[in-house]
There are 2 protein chains.
Amino acid sequence: MIITKAGRRMFPAMRVKITGLDPHQQYYIAMDIVPVDNKRYRYVYHSSKWMVAGNADSPVPPRVYIHPDSLASGDTWMRQVVSFDKLKLTNNELDDQGHIILHSMHKYQPRVHVIRKDFSSDLSPTKPVPVGDGVKTFNFPETVFTTVTAYQNQQITRLKIDRNPFAKGFRDSGRNRAKMNHSIYMPSLSTSTLEGWINVDPLGAGTGALVFSL
Amino acid sequence: MIITKAGRRMFPAMRVKITGLDPHQQYYIAMDIVPVDNKRYRYVYHSSKWMVAGNADSPVPPRVYIHPDSLASGDTWMRQVVSFDKLKLTNNELDDQGHIILHSMHKYQPRVHVIRKDFSSDLSPTKPVPVGDGVKTFNFPETVFTTVTAYQNQQITRLKIDRNPFAKGFRDSGRNRAKMNHSIYMPSLSTSTLEGWINVDPLGAGTGALVFSL
DNA sequence: CTCTTTGCACCTAGGTGCAAACAT
DNA sequence: ATGTTTGCACCTAGGTGCAAAGAG
């Protein structure tokens with residue numbers, strides 16, 4: 001995933017469907033992103049693989065993205081697909097925009113938290129999510145990704161350009177029709193992408209589901 | 001103020017500064033728009049005046065714009081200028097976008113409501129704002145305006161084009177430099193504008209203030 | 001050398017008044 | 001004759017990857 005100083009969105013965005021909530025209870029939904037391991041990576045082009053390249057950089061201030069629809073009732077959350085498309089990633093450790101701070105060239109796991117209102121006294125964008133009875137945390141291992149400041153392989157670039165509406169100008173039908181003669185389109189590209197991730201629902205064909213009860 | 005079927009913003013937007021709240025109490029801030037009288041108007045061009053042209057059209061479904069920052073603490077509300085720039089007006093009585101429904105060629109008064117959370121059980125975008133101890137309502141008579149589907153005089157058009165960033169394309173330095181030779185700029189235009197209104201703060205020079213305690 | 005930053009062309013998304021067409 | 005709707009050129013605002021420059 002691209003990270004910049006100013007902050008860059010994730011693409012595709014994490015989207016979840018939630019069931020099992022108490023319709024009349026109030027909840028926060030939040031997301032944070034934790035390191036997968038204690039390593040730093042580099043991309044080896046000739047083998048098309050991410051290789052360990054030393055230990056992780058020193059930890060960065062923890063940040064939590066509180067979904068902008070918070071606070072809302074279980075009923076409200078369950079009626080919609082909850083999308084985290086406005087969340088932004090930055091590599092600026094001094095960020096004051098409330099973005100999630102990550103190191104480049106590291107592996108990360110996004111997490112979704114469902115937080116019952118009466119347990120949320122400590123909830124803050126700049127503090128770790130509290131743990132306890134009123135908080136449920138969900139990992140989707142298929143959403144692990146590697147951070148970069150520039151794409152390391154053409155398959156990922158291809159995927160982003162083909163799927164992200166904001167990158168339409170780079171599609172083959174666009175301005176680069178002639179210049180793009182060296183890149184090969186790989187329609188079957190799936191979860192085995194070298195750079196990391198596939199979202200819960202990259203193609204809109206289905207969504208991850210959180211099923212639980214508090 | 002222009003109203004359309006799809007919904008059109010007010011410009012300038014209503015902006016208020018609020019003081020006197022309990023910092024730790026939770027409040028909704030809301031806006032609605034009520035008829036000034038029971039009349040329908042027409043604009044008489046040769047006398048540059050709005051004239052009564054019969055009785056008002058039959059009432060429309062009441063709508064309330066709940067400020068998107070709701071629910072928030074008194075502390076949060078008092079730290080910012082509360083802007084209603086995302087509110088939209090429509091003349092579509094069957095509107096399902098949650099916009100405020102008004103009749104064209106009528107006079108209206110915007111109202112701002114401060115609603116204590118523990119009194120807000122009945123608060124809804126499609127129901128009248130409740131009245132009682134936990135609700136304070138404020139009128140700014142200088143914000144009365146007349147609704148139209150097309151501007152009736154050039155002074156108002158001028159004001160909108162000069163002040164609204166989205167209308168920059170119609171400014172004299174824009175494409176109409178040559179065509180605009182018949183319109184005269186009136187810099188001293190103020191609350192006596194023929195079409196209605198001047199906002200609390202059309203020029204950014206100061207803001208209306210709500211001072212009270214609940 | 002590897003990685004990051006910067007300015008930018010190219011998009012999406014949506015807020016303007018205008019002029020012509022439409023409705024009554 | 002009067003008021004409304006529609007399509008549109010022209011904006012604001014901001015999300016893309018790219019290529020060149022910068023940093024170590």
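Numbered from 1 within each chain, the chains take letters A, B, ... in sequence-line order.
- For the 3.5 Å distance criterion, the side chains of B:Thr90 and B:Gln97 fail to qualify, holding no donor opposite an acceptor.
- If you measure from atom CG of B:Asp162 to atom C1' of D:dT12, you get 17 Å, rounded to the nearest angstrom.
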Please write out each protein N/O paired with an N/O of nucleotides 13-16 of chain C under 3.5 Å, distance rounded to 0.1 Å.
from: C:dG15; atom 1: OP1; to: B:Lys88; atom 2: NZ; distance (Å): 3.1
from: C:dG15; atom 1: OP2; to: B:Lys88; atom 2: NZ; distance (Å): 3.0
from: C:dG15; atom 1: N2; to: B:Phe166; atom 2: O; distance (Å): 2.9
from: C:dT16; atom 1: OP1; to: B:Asn164; atom 2: ND2; distance (Å): 2.8
from: C:dT16; atom 1: O4'; to: B:Phe166; atom 2: O; distance (Å): 3.4

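- For B:Trp50 and D:dT2, the CH2 to P distance is 13 Å, given to the nearest whole Å.
- Atom-to-atom, CG of A:Asp57 to C1' of C:dT2 comes out at 14 Å; the value is rounded to the nearest Å.
- The phosphate of C:dC10 has neither OP1 nor OP2 within less than 4.0 Å of any side-chain N or O from A:Lys168.
- Shown here are the salt bridge (Lys or Arg N to Asp or Glu O under 4.0 Å) partners of A:Arg42, two or more places apart in sequence or in another chain: there are none.
- The nearest whole Å value for the distance from the CG atom in B:Leu159 to the P atom in C:dG17 is 10 Å.
- Screening residues 73-89 of chain B for salt bridge (charged side-chain N to carboxylate O under 4.0 Å, His left out), with sequence neighbours left out, gives B:Asp75-B:Arg79.
- D:dT4 atom P lies 13 Å from atom CG of B:Asn92, rounded to whole Å.
- With no hydrogens or angles considered, a side-chain donor-acceptor pair links B:Thr137 and B:His113 at under 3.5 Å.
- The aromatic rings of A:Phe145 and A:Tyr108 lie tilted to each other, with the angle between the two planes from 30° to 60°.
- The aromatic rings of B:Tyr43 and B:Tyr45 lie perpendicular to each other, with more than 60° between the two planes, well past the 30° mark.
- Atom pair B:Ile2:CD1 and D:dT5:P shows a separation of 11 Å (rounding to whole Å applied).
- Checked against A:Ile156 for a side-chain contact (heavy atoms from CB on, under 4.5 Å), the options A:Gln154, A:Lys160, A:Arg158 give a single hit: A:Lys160.
- Shown here are the side-chain hydrogen bond (donor to acceptor under 3.5 Å, both in side chains) partners of A:Asn91, two or more places apart in sequence or in another chain: there are none.
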Listing time: all N or O pairs from protein to nucleotides 3-5 of chain C that are below 3.5 Å?
from: C:dT4; atom 1: OP1; to: A:Ser104; atom 2: OG; distance (Å): 3.2
from: C:dT4; atom 1: OP2; to: A:Ser104; atom 2: OG; distance (Å): 3.1
from: C:dT4; atom 1: OP2; to: A:Thr149; atom 2: OG1; distance (Å): 2.6
from: C:dT4; atom 1: O5'; to: A:Thr149; atom 2: OG1; distance (Å): 3.3
from: C:dT5; atom 1: OP2; to: A:Asn91; atom 2: ND2; distance (Å): 2.8

Side-chain atoms of residues 60-71 of chain B: list all donor-acceptor pairs with protein atoms under 3.5 Å, sequence neighbours left out, distances to 0.1 Å.
from: B:Arg63; atom 1: NH1; to: B:Asp95; atom 2: OD2; distance (Å): 2.9
from: B:Arg63; atom 1: NH1; to: B:His99; atom 2: O; distance (Å): 2.9
from: B:Arg63; atom 1: NH2; to: B:Asp95; atom 2: O; distance (Å): 2.7
from: B:His67; atom 1: ND1; to: B:Asp69; atom 2: N; distance (Å): 3.0
from: B:His67; atom 1: NE2; to: B:Ser83; atom 2: O; distance (Å): 2.8
from: B:Ser70; atom 1: OG; to: B:Ile29; atom 2: N; distance (Å): 3.3
from: B:Ser70; atom 1: OG; to: B:His67; atom 2: O; distance (Å): 2.8

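- Distance B:Tyr45 OH to D:dG3 P: 14 Å, rounded to the nearest Å.
- Computed from coordinates, the B:Asn153 CG to C:dC18 P distance equals 11 Å when rounded to whole Å.
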